[in-house]
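For ligands, and for the atoms within them, numbers begin at 1 and follow the listed sequence. Residues: numbered from 1 along the sequence shown.
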Amino acid sequence: MKIIMLGAPGAGKGTQAKQIAAKYNIPHVSTGDIFRANIKEGTALGMEAKSYMDKGQLVPDELTVKILLDRVAKDDCKNGYVLDGFPRTIPQAEVLDEAVTKLSEKIDYAINVDVPDENIIRRMSGRRACVKCGATYHIVNVPPKKEGICDACGEALIVRDDDKEETVKARLATYHEQTQPLIDYYSAKGILKEVDGTKDMNDVFADIVAILG
Ligand code: AP5
Ligand code: MG
Ligand code: ZN
C-alpha cells in the first residue's frame, strides 16, 4: 500500500504516519525527518536544507526529489510506504507519479489531515521532538513520561528551530501557496480522502483505518 499524507505544518501528518506505518507494516518516509537527521550530522545537504527550513520556505525541488526517490528505491519500500511531507509541490507530485508509473504501480491514497490555521499555531508551540528516533510529543497533549526526555530512546527532546511563531506563520503561508493545490491534484485522480485533524489523535487514526481497511 502506498499512502501520501497531506496537510498543513502541524496538522498531525507525522503523528498519524507513524501509526499507519506500525499497523500496516510499511516504512514511514518523512522528508522533513531526513533533512533534520542531515542537519544533526552536519552534512552539506543538511546545511543547505537548513537555510530554507529556518525561513519557513521549501527546500528546492531538485534536492528534495532526489532524496525521496533514493529512499523509496530501498528494499524496505517494496511493499509500499507512507509518505509524510512529500510531495509538497505539483512538480514533486509529478515526479513521484512518473516514478511509480514506471514500476507499473500506483499511489493508493492521499489522505488530507485537515486542521485550520488557528489551531496550528497553538499546537506547534507545545511540540517537542526527538531528533534521534523521530518521536514527537506535545507538552500538554502528548507529554513524555519524563520531562524533556524521549520515552522511546532516552535522548533529550528539542524544540524544532522552525517552530518559532514567526516561522510557523511563514510555513503556513508557504503551505497555502505551494502545497494546498495538491488537494485538487489528488482529488482529480480520485484518490483523495479527507479526515478531520482537529479531533483527538486516536479518533483521527480510527478515521484513517476506516479508510484504509
Ligand atoms: P516537515 O518536517 O514535513 O514539517 P511540516 O510539514 O511543517 O509538518 P510538521 O512536522 O511540523 O507537522 P506534522 O503535520 O507532521 O504534525 P505532527 O504530527 O508533528 O518539514 C519541515 C521543513 O522541511 C519544511 O518547512 C521544508 O522547509 C522542508 N521540507 C520537508 N519536506 C519537503 C518537501 N517535500 N519539499 C520541500 N521542502 C521540504 O503534530 C504537530 C504537533 O501537534 C505535535 O506536537 C503533536 O503531538 C500534536 N498533535 C498531532 N495530532 C494532534 C491532534 N489530533 N490533536 C492535538 N494535538 C495533536
Ligand atoms: Mg512532521
Ligand atoms: Zn527518541
Chemist: Hey, does T31 have a side-chain heavy atom less than 4.5 Å from the side chain of R71?
Modeler: no

Chemist: Which atoms of ligand 1 sit under 4.0 Å from any heavy atom of M124?
Modeler: 11 (O)

Chemist: If we only count N/O pairs under 3.5 Å, is V59 in contact with ligand 1?
Modeler: yes

Chemist: Counting heavy atoms only, name the option from Q92, R171, R123 that's nearest to atom 42 (O) of ligand 1.
Modeler: R123

Chemist: Carefully, step by step, assess T15 and F205 under the rule side chain to side chain contact (heavy atoms under 4.5 Å, CB included).
Modeler: CA-CA 9 Å; T15 300; F205 186 58; over 6 Å; no

Chemist: With a 4.5 Å heavy-atom cut-off, do D97 and K189 have their side chains touching?
Modeler: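 With C-beta onward as the side chain, the pair touches.
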
Chemist: Would you call M5 a ligand 1 contact, heavy-atom distance under 4.0 Å?
Modeler: no

Chemist: With heavy atoms under 4.0 Å as the rule, classify the contact between R36 and ligand 1 as side chain, backbone, both or neither.
Modeler: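 For R36, the contact with ligand 1 is made by the side chain alone.
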
Chemist: Give the residue and atom name of whichever protein heavy atom lies nearest to atom 56 (N) of ligand 1, and the separation in Å to one decimal.
Modeler: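 It is N141 ND2, 3.0 Å.
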
Chemist: Heavy-atom contacts with T15 under 4.0 Å: which atoms of ligand 1 show up? List them by number with element.
Modeler: 17 (P), 18 (O), 39 (O), 45 (C), 49 (C)

Chemist: To the nearest 0.1 Å, how far is atom 53 (N) of ligand 1 from its closest protein heavy atom, and which atom is that?
Modeler: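 Residue, atom and distance for the closest contact: K199 O, 2.8 Å.
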
Chemist: Taking the non-hydrogen atoms of Q16, is any one of them nearer than 4.0 angstrom to ligand 1?
Modeler: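 No, that is not the case, since the closest heavy atom of the residue is not under 4.0 Å from the ligand.
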
Chemist: At less than 4.0 angstrom from any non-hydrogen atom of P9, what atoms of ligand 1 do you find?
Modeler: 5 (P), 6 (O), 7 (O), 8 (O), 12 (O)

Chemist: Do the side chains of M53 and D161 get nearer than 4.5 Å, heavy atoms only?
Modeler: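 Contact flag for D161/M53 side chains = no.
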
Chemist: Which of the listed options, M53, R88, R127, holds the heavy atom that is closest to atom 19 (O) of ligand 1?
Modeler: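 Looking at heavy atoms only, R127 sits closest to atom 19 (O) of ligand 1.
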
Chemist: Just so I know, are the side chains of K18 and T136 near enough to count as touching, which here means a heavy-atom distance under 4.5 Å?
Modeler: yes

Chemist: Quick one: is the NZ or CZ of K2 closer than 6.0 Å to the six-membered ring centre of Y81, and within 45° of its axis?
Modeler: yes

Chemist: State, yes or no, whether a side-chain contact exists between K106 and I191 at a heavy-atom distance under 4.5 Å.
Modeler: no

Chemist: Please report, to 10°, the angle around the Zn ion (ligand 3) from atom SG (C133) across to atom SG (C130).
Modeler: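 Vertex at the Zn ion (ligand 3): approximately 110°.
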
Chemist: Of all the heavy atoms in A8, does at least one lie under 4.0 Å from an atom in ligand 1?
Modeler: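 In this structure, A8 qualifies as a contact of ligand 1 - some heavy atom is under 4.0 Å.
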
Chemist: Below 3.5 angstrom, do we get any N/O pair linking D84 and ligand 1?
Modeler: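 Checking ligand 1 against D84, no N or O pair falls under 3.5 Å apart.
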
Chemist: Indicate, as side chain, backbone, both or neither, the part of T64 found under 4.0 angstrom from ligand 1 when only non-hydrogen atoms are considered.
Modeler: side chain

Chemist: Is any side-chain heavy atom of D196 less than 4.5 Å from a side-chain heavy atom of D114?
Modeler: no

Chemist: If we ignore angles and hydrogens, is there a donor and acceptor under 3.5 Å between the side chains of N119 and T198?
Modeler: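 Absent: no donor and acceptor within the cut-off.
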
Chemist: Which distance, rounded to the nearest 0.5 Å, do you find between the CG of D163 and the CZ of R127?
Modeler: 4.0 Å

Chemist: Where's the contact between V142 and ligand 1, heavy-atom distance under 4.0 Å: side chain, backbone, both or neither?
Modeler: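 The part of V142 near ligand 1 is the side chain, not the backbone.
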
Chemist: G197 near ligand 1, heavy-atom distance under 4.0 Å?
Modeler: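 Under 4.0 Å: yes for G197.
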
Chemist: Which ligand 1 atoms does Q57 reach within 4.0 Å, using its non-hydrogen atoms?
Modeler: 26 (C), 27 (O)

Chemist: Could you say whether the N/O atoms of A11 and ligand 1 ever approach to under 3.5 Å?
Modeler: yes

Chemist: Mind checking the CG-CD1 spacing from L182 to I90? Nearest 0.5 Å is all I need.
Modeler: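 Separation between the atoms: 4.5 Å.
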
Chemist: Residue-level breakdown please: for Y137 versus ligand 1, do any non-hydrogen atoms fall below 4.0 Å on the side chain, on the backbone, on both, or on neither?
Modeler: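 For Y137, the contact with ligand 1 is made by the backbone alone.
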
Chemist: I need the contact type for T136 against ligand 1. Using non-hydrogen atoms and a strict under-4.0 Å cut-off, is it side chain, backbone, both or neither?
Modeler: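 Answer for T136: side chain.
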
Chemist: Determine whether the side chains of D33 and H28 contain a donor N or O and an acceptor N or O closer than 3.5 Å.
Modeler: no

Chemist: Taking only heavy atoms of G14 into account, list the atoms of ligand 1 that are under 4.0 Å away from them.
Modeler: 13 (P), 15 (O), 18 (O)

Chemist: Does ligand 1 have an atom under 4.0 Å from some heavy atom of G10?
Modeler: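 Contact check G10 vs ligand 1: positive.
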
